[in-house]
Structures are given as C-alpha cells and as structure tokens.
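Source: prediction; values computed, not measured. To find a chain, count down the sequence lines: A is the first, B the second, and so on, and within it residues start at 1.
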Protein chains: 2
Amino acid sequence: MAPRLVSSDELIDRLTMLFRRVGYEAASLVEIAAATGLQKSSIYHRFPGGKEQMAQEVAEASGRRFSEHVLAPLRSNAPVDERIGAVARNLDLFYEAGARSCLLDTMSLGDPGAGTTEALAAAASAWIRAFATVAREAGATSTVALARAQEAVAGIEGALVLARVTGDKRPFARALKRLPEILLGH
Amino acid sequence: MAPRLVSSDELIDRLTMLFRRVGYEAASLVEIAAATGLQKSSIYHRFPGGKEQMAQEVAEASGRRFSEHVLAPLRSNAPVDERIGAVARNLDLFYEAGARSCLLDTMSLGDPGAGTTEALAAAASAWIRAFATVAREAGATSTVALARAQEAVAGIEGALVLARVTGDKRPFARALKRLPEILLGH
DNA sequence: GTCTATACGACGATAGAC
DNA sequence: GTCTATCGTCGTATAGAC
C-alpha cells in the first residue's frame, strides 16, 4: 500500500479552490489532476463516483466547514453585535476580501448531480438559518428574521458576483460592514 | 440563397436564454442546436467565431437591450420614485420574478473569451452607472451614489443566486421592493 | 495508493452537397 | 443559408502494472 501523497482533507481543499474558481463544468480532470498533484486515475481511486462525487463531497465539506468555522462565533455568548462583527471578519477571510467566488454560485450551474445540488441547498439554508437566529435574538419575529437573513446573504453573494465581473471589491467590504444593521434592524 | 429559418434577433434571443440557464461551459453545441432549431453547421455560418463569438454577441446584445428596455424609464422625466418603480417592474419581468439567472453571473465562469468578459463588465458598469445617476439626482454625492447603486445591483444579483440554489424567490421580490430606499437613501 | 497507457464517447469545428 | 457527414481533440473514465 503506497503512502498517501495528499491527505483527504488537502484533496478536498484543493478541489474546493478549483470549483470555486472555475465552477463545475469548466473543471476538467486534467485541471483537477494539476490542482491536486495526483494523476487522474489516482483521483478515481479516492472518488470512484468521478467528478460528480468530487463535487458532492466538496459541497458537503464546504457547508460543514463554513458552519463550523465561519459561522461559529454566532453560537458564542458574547454580545450580539460582537458576534456579528466576528462573523464579518471570518467572511472577509473566507472570501479573501471578495476575490474568491462562492461555491453556492459557481457550483449551481450546469449539471453537478442531484447530491451536489442538495448539498448546496442545505448549506445555503443553514447559513440563512444561522443569520435568522441572530436576528430573532435581536427581537425580530421569525418572518422578519428570515427576510433579514436572506437579505444579508444575498447582499454578500451579489457583491461577490460584482467583484468577479467588474473587479471592484468595495461592494463586498460594504456588504460586510452593513451586516449588523441588516440583521439587527435598521 | 436559402431563406433564414431563424431571424438574427431570434437566434440571439434563444442563445441568451440558453446561456442564462446553463452558463457558458455547459452550453454544448448540441444543446445550442436544439435551442435554436438549427444544425450545428448552420450556426457556424452565422457565427464563424464559434461559441466564443456567440457568447460575446449575446453579452453585447443583452447589455444593449437591458439598457434600452429595462433601464429606459430611468431616463424619463417622471418623478424619481415613479421611475424607480417602473424599473423594478421591468426587472421583475426580465428575471421572471427571480426564476431566471443573470448573464453577468452565469457567463462569468469558465473561459468565455476576452470579448465576452469585457462585454459583461461593460454591461455591469452601465447598470451601476444608471442607478448611480438616479441616486445623484436624489441628492447623493457621487461617491455615495455609486455605493448605493452597487448595493442595489448586488442585492438583486445575490437574490437571483439564492433563488437558483434554494428555490425561494421571495428575496428577489424584496430586493426589488427595497430599490427606492436603497437608491434614494434610507 | 499511485502510476502509465488506453478506451471511447462527446466536444467544438469543418467540408462540401444542395 | 441550410443540410448531412465527418474530422481531430479533449472530455471522463478504466485497465492493469508496480
């Protein structure tokens, strides 16, 4: 049994980077091999289900990590605005100040398979739910909290699209800055 | 000279629909032929530059039409809030209440060629500029007006991403409803 | 578990008849 | 201008040695 040249975590990491950058369809196996440092057939040994399985595992892992790391401060017992500030800083790192696209966007085009589509939907819902919980703590009804959470997430996703298309990352910075106002009410 | 089975405008229309739905990379020539009702080689007669030329012409035409039709009410001399309301209704039709994705998003992944990328950037800038002009009319400085315009466009683009991923189109409706507040100041 | 080599279908694109 | 037929390449995926 030859030693693993690339750990499972690192493999997912590098695939995640690739899918975020070019999306699902444009990520060819040649690029996947180059990005991971493995040969095509070695990758199939890790993902017998091929590209669809890679996409699904990336989507699932990314949703998990986003929840565990980026959104983690929301579950602390610091003051609400401090928690939101911490999440904003995490988001700035996660999206590299707007330079990196979001998997929810880039992997939801083409035909990445049902499993991936479900994983993306689940990740989006979890994010929105986490934001909505904070809004509720600030006194909003569950309906209003959901709307505020969706507005906040949409603002971030849209700013990332703008950054990719126009190169201007300032809207992303402002979307993060507005986060407290949006979630806590204007 | 055989008669044109599909007019040039209709050809662009159908290609636009396809690219909005699946993006650039996932739009294969087989799908393009099916969507347009022409054979692959007939399409090459119209677009000798192949898929890249199709993408570029679609991006350019879409930017033009968006400016001429969707954003047109902004250039009338009705009261500002009425103009914005008219644009919101146009946007609702253009994006079919959130059911259709935006070309700025779906065609900015993969490698659609330099011409397409430039056309998308130009279209995004024109949209933002049009919104910013309205904000300036409402008394905002040019810096603030730009920020408001970008916030408004990002809100719409993000809501479209959310709609595609989660299936929930309500954030899009709310993004349109917020349009006056955002552009005219809170 | 990784590699080289290869199968083979789908892809973008072209040739040439009508 | 449209079609049928076809080209070469690149795509995903496998086989089998080490």
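Computed from coordinates, the B/Lys51 NZ to C/dA13 P distance equals 8 Å when rounded to whole Å. Between A/Phe47 atom CZ and C/dG1 atom P there is a gap of 12 Å when expressed in whole angstrom units. The CG-P distance, from B/Leu11 to D/dG1, rounds to 12 Å in whole Å. Between B/Ile32 atom CD1 and C/dA13 atom P there is a gap of 9 Å when expressed in whole angstrom units. A/Gln53 places its CD atom 11 Å from the P atom of D/dA13, with the value rounded to the nearest Å. Protein atom CZ of B/Arg46 is 18 Å distant from nucleotide atom P of C/dT14, rounded to whole Å. Distance, B/Leu29 CG to D/dT9 C1': 14 Å, rounded to whole Å. Distance A/Glu52 CD to D/dG11 P: 18 Å, rounded to the nearest Å.
For the side-chain contact (heavy atoms from CB on, under 4.5 Å) criterion with A/Val58, the lone passing option out of A/Leu11, A/Leu15, A/Leu18 is A/Leu15. Each of A/Gln56, A/Lys51, A/Glu57 was scored for a side chain to side chain donor-acceptor pair (under 3.5 Å) with A/Gln53, with one residue passing: A/Glu57. Between A/Leu179 and the choices A/Leu184, A/Val134, A/Leu91, the side-chain contact (heavy atoms from CB on, under 4.5 Å) rule is met once, by A/Leu91.
Counting any heavy atom pair closer than 4.0 Å across all strands shown, A/Ala27 reaches sugar-phosphate atoms only and no base atom. Looking at heavy-atom distances under 4.0 Å, A/Ser41 makes contact with a base. At the heavy-atom level, A/Ser42 lies under 4.0 Å from base atoms of the strands shown. At a threshold of 4.0 angstrom between heavy atoms, the contacts of A/Lys40 include nucleobase atoms, whether or not backbone atoms are also involved.
By the 6.0 Å and 45° rule, A/Arg20 stacks over the aromatic ring of A/Phe94.
Relative ring orientation between B/Phe19 and B/Tyr24 is described as parallel, the plane-to-plane angle staying below 30° on a 0-90° scale split at 30° and 60°. Aromatic ring pairs are classed by plane angle as parallel below 30°, tilted from 30° to 60° and perpendicular above 60°; the pair A/Tyr95 and A/Phe172 is perpendicular.
Distance from the side chain of B/Leu38 is smallest for D/dT2 among the nucleotides C/dC3, C/dT2, D/dT2.
Remark: A/Tyr44 is in phosphate contact with D/dA13, judged by side-chain N or O atoms under 4.0 Å from OP1 or OP2. In this structure, B/His45 reaches the D/dG1 phosphate: one of its side-chain N or O atoms is under 4.0 Å from OP1 or OP2.
With the end axes of the helix from C/dG1-D/dC18 to C/dC18-D/dG1 each set by five pairs, the angle from one to the other reads 0° at 10° resolution.
No hydrogens or angles considered: a donor-acceptor pair under 3.5 Å links the side chains of B/Ser101 and B/Arg164.
Toward the 5' end of DNA chain D, the nearer of the two residues A/Met54 and B/Gly37, judged by each one's closest nucleotide, is B/Gly37.
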